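Every chain is numbered from 1 and lettered A, B, ... according to where its sequence line falls, protein lines coming before strand lines. Just so it is clear, the model here is predicted, and its values are computed rather than measured. Excluded from the calculations below are hydrogen atoms, water molecules and symmetry mates; all remaining heavy atoms, backbone and side chain alike, are included.
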Number of protein chains: 2
Amino acid sequence: MTTTHRSPALTAANVEAAVEALRERGLRVSAARRLVLEALYGAEGPLSAERIAEGLEGRLPRSDLASVYRNLETLEEVGLVRHVHLGHGPGLYALAAPEHEYLACESCHAVRSVAREELDGIRAQVREQFGYEARFTHFPLVGLCPNCLAESEGHAHP
Amino acid sequence: MTTTHRSPALTAANVEAAVEALRERGLRVSAARRLVLEALYGAEGPLSAERIAEGLEGRLPRSDLASVYRNLETLEEVGLVRHVHLGHGPGLYALAAPEHEYLACESCHAVRSVAREELDGIRAQVREQFGYEARFTHFPLVGLCPNCLAESEGHAHP
DNA sequence: CGGTAACTGCGAATGAGTCGCAAAAACTAA
DNA sequence: TTAGTTTTTGCGACTCATTCGCAGTTACCG
Ligand SMILES: [Zn+2]
Ligand SMILES: [Zn+2]
Ligand SMILES: [Zn+2]
Ligand SMILES: [Zn+2]
């Protein structure tokens, strides 16, 4: 799986801002919660709850997957985090801030992350044709990537 | 969930044809397998394995979900059946033959099923812009349906 | 420092799907 | 038909992702 994500600069400061947002909503900033947030700020691409939990081991006297899920859920409610479903695997979590959308390859499972605007054209066409406002933030746009496509077209030889 | 599927005519004959296809591949036609096939031929829209299994109760001395899954799997391998993931729920199975694709509403979970060609324009644009060959057969095109869209735009009042 | 929510760890539960295995069909060839 | 071969089945147990209940902590407010 390949994901092209520029990691947000000044992670530490950003985490502090996020933490502040939590406090403002009356949410507490536990060590675990902060670490989940840090994991997401430091990540290259979206992470599974499992992977986040792994990252917590050692950095915390004891941690547990259920709490990671609960934290991801509240962070999502607050709008700091969101998740995507890239294919069959577990849900993957990322910061909500940089509005990426995803193109997933059904064959090689590569994932390309693109800025929201790059899909505006397609969104416009979907809207025009069907009246739907397409969204690729929670479920990606799925297809065959150029590589797999070339391969499968190679097979169409006489 | 609303799905617009015309059910294939002459169900009985179609089932017989499918059954023949199975025999030709050296697969056996057990009562359970035939009933799964019939369930799909008779269905309005895609069905979960669970629902198919429910439909089998009574029509069969004893039946079981695992076997339904196994049958769906082999029917899929043979190309008679396929499945879609419409949102978070379980996978939904349908006949492979009428090549529908789906538009799913992320908000009200309505599902619109469209003929493959109706998405050709969008597929072309995706291909042009990203080199991807978009597919909406296994994972649908997700967005806000016109209703939910109108509603959410209503909220944007001053 | 308390006090009082909110949060955590744990273990158990859920839902979707898969696997192993022995018993029961379905085809096959005699 | 029947015996033999091979698939399928039913069952129960299992995995994996996610959620829940609850008692024990911990973060924040005063
Ligand atoms: Zn989701
Ligand atoms: Zn690919
Ligand atoms: Zn699938
Ligand atoms: Zn809707």
Nearest to side-chain heavy atoms of [X], which nucleotide of [options]:
X	options	answer
P90(A)	dT8(C), dG10(D), dA17(D)	dA17(D)
A66(B)	dT18(C), dC7(C), dT9(D)	dT18(C)
R28(A)	dC20(D), dG20(C), dC28(D)	dC28(D)

Distance-only donor-acceptor check, side chains S67(B) and D64(B), under 3.5 Å: yes
dG10(D) base / R70(B) side chain donor-acceptor hit below 3.5 Å: yes
Specify the separation, in whole Å, of atom [atom1] of [X] and atom [atom2] of [N].
X	N	atom1	atom2	result
E20(A)	dC28(D)	CD	P	10 Å
E73(B)	dA16(C)	CD	P	18 Å
L92(A)	dC16(D)	CG	P	17 Å
H85(B)	dG17(C)	NE2	C1'	11 Å
R23(B)	dA26(C)	CZ	C1'	9 Å
H88(A)	dT15(D)	NE2	C1'	16 Å
N71(A)	dT18(D)	CG	P	15 Å
R62(B)	dA23(C)	CZ	P	15 Å

Categorize [X] for me: base, sugar-phosphate, or nothing, with a 4.0 angstrom heavy-atom threshold over every strand shown.
X	result
A49(A)	nothing
G26(A)	nothing
S63(B)	sugar-phosphate
S30(B)	sugar-phosphate
L27(B)	sugar-phosphate

Steps toward salt bridge (Lys or Arg N to Asp or Glu O under 4.0 Å) verdict (E73(B), R70(B)): CA-CA 5 Å; E73(B) 190 186 21; R70(B) 278 181 296 221; over 6 Å; no
S67(B) vs dG10(D): side-chain N/O to OP1/OP2 distance below 4.0 Å: yes
Short side-chain N/O contact to dT18(C) OP1/OP2 from Y69(B), under 4.0 Å: no
Ring centre gap for H109(B) and H88(B) strictly below 6.0 Å: no
Aromatic centroids of H85(A) and H85(B) separated by under 6.0 Å: no
Within 6.0 Å of CD in E128(A), more than 12 heavy atoms from elsewhere: no
Upstream residue (5' side of DNA chain C) when E50(B) and L60(A) are each assigned their closest nucleotide: L60(A)
